[in-house]
Amino acid sequence: GENVEQHPSTLSVQEGDSAVIKCTYSDSASNYFPWYKQELGKRPQLIIDIRSNVGEKKDQRIAVTLNKTAKHFSLHITETQPEDSAVYFCAATPGGYQKVTFGIGTKLQVIP
Amino acid sequence: GAVVSQHPSRVICKSGTSVKIECRSLDFQATTMFWYRQFPKQSLMLMATSNEGSKATYEQGVEKDKFLINHASLTLSTLTVTSAHPEDSSFYICSARDLGHSTDTQYFGPGTRLTVL
């Protein structure tokens with residue numbers, strides 16, 4: 001089955017700096033890679049996703065890159081703000097109705 | 001985006017009792033829903049895949065007789081924790097995919113915090 005590794009587990013940055021979270025996956029059949037943000041006690045919210053036929057995707061301050069050959073994908077947050085503080089999960093799936101495998105999560109703290 | 005609801009949001013029960021959690025897709029149809037369990041400061045662990053009109057598919061190590069799943073319609077799946085024990089205390093979250101779109105995006109419910117005394 002799929003195995004998703006995520007690091008770092010915790011990340012502290014100063015407000016305005018960039019944050020990068022990295023993930024690797026093991027199953028070459030995976031072709032859809034969503035990123036979720038979860039605030040304490042709340043549901044995970046999709047913030048960005050990328051498919052295997054795309055190398056990079058950007059949405060305002062958030063970007064995701066994918067290296068399918070190396071089975072790496074990363075989340076980049078620029079100009080971080082205190083409200084970006086949360087736990088971020090990467091995930092991978094072959095798509096369709098197959099299950100999604102989540103990384104362990106990264107707790108991001110943005111220091112004002 | 002698509003909306004998924006869960007009920008109840010919080011439940012406290014005594015050991016040995018059963019608890020039912022409902023997951024509903026409010027504005028779309030979902031042939032497949034997923035049930036996750038999340039312990040504090042940990043990731044989401046898939047428990048089972050709930051399929052409308054058929055038996056659920058359970059992940060390895062998840063007792064199907066303890067965690068009963070029923071997906072009776074395209075908008076409702078239920079998880080029943082039977083003979084609950086304190087170690088079943090956790091945050092249970094469901095998710096669903098929107099049949100009407102080709103996207104693989106999963107939409108999550110708000111979660112149910114179960115405390116077993």
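Throughout, protein chains are lettered first and strands after them, A, B, ... in sequence-line order, and every chain is numbered starting at 1.
- Heavy atoms from other residues, nucleotides or ligands lying under 6.0 Å from CG of B/L117 number more than 12.
- Going from atom NZ of B/K41 over to atom CG of A/L40 covers 9.5 Å, rounded to the nearest 0.5 Å.
- A/Y36 approaches B/Q106 most closely through the heavy-atom pair OH-O, 3.1 Å.
- Panel note: side chain B/S43, backbone A/G103; a donor-acceptor pair is recorded below 3.5 Å.
- In B/K66, the NZ atom is crowded: over 12 heavy atoms of neighbouring residues, nucleotides or ligands sit closer than 6.0 Å.
- For A/E79, the CD atom sits in a loose shell: 12 or fewer heavy atoms of surrounding residues, nucleotides or ligands are nearer than 6.0 Å.
- With a 4.5 angstrom heavy-atom cutoff, A/F89 touches chain B only via side-chain atoms.
- Proximity to chain B (any heavy atom under 4.5 Å) is restricted, for A/K42, to the backbone atoms N, CA, C and O.
- Neither the backbone nor the side chain of B/Q6 comes within less than 4.5 Å of any heavy atom in chain A.
- In terms of heavy-atom pairs under 4.5 angstrom with chain A, the leader among B/S9, B/S95, B/G109 is B/G109.
- Within the 4.5 angstrom heavy-atom criterion, only side-chain atoms of B/F34, from C-beta onward, approach chain A.
- Contact annotation for B/L46: only side-chain heavy atoms (C-beta onward) come within less than 4.5 Å of a heavy atom of chain A.
- Residue pairs meeting the disulfide (SG to SG under 2.5 Å) criterion with at least one partner in residues 32-85 of chain A, sequence neighbours excluded, are absent.
- Surrounding CD of A/E83 are more than 12 heavy atoms belonging to other residues, nucleotides or ligands, all under 6.0 Å away.
- Residue A/L46 holds its CG atom at 7.5 Å from OH of B/Y107, rounded to the nearest 0.5 Å.
- Contact between A/R43 and B/P110 at its shortest, heavy atoms only, is NH2-CB, 3.5 Å.
- Contact count against chain B (heavy-atom pairs under 4.5 Å) is highest for A/P44 among A/G105, A/P44, A/G1.
- Of the atoms belonging to B/Q42, it is backbone heavy atoms, and not side-chain ones, that fall under 4.5 Å from chain A.
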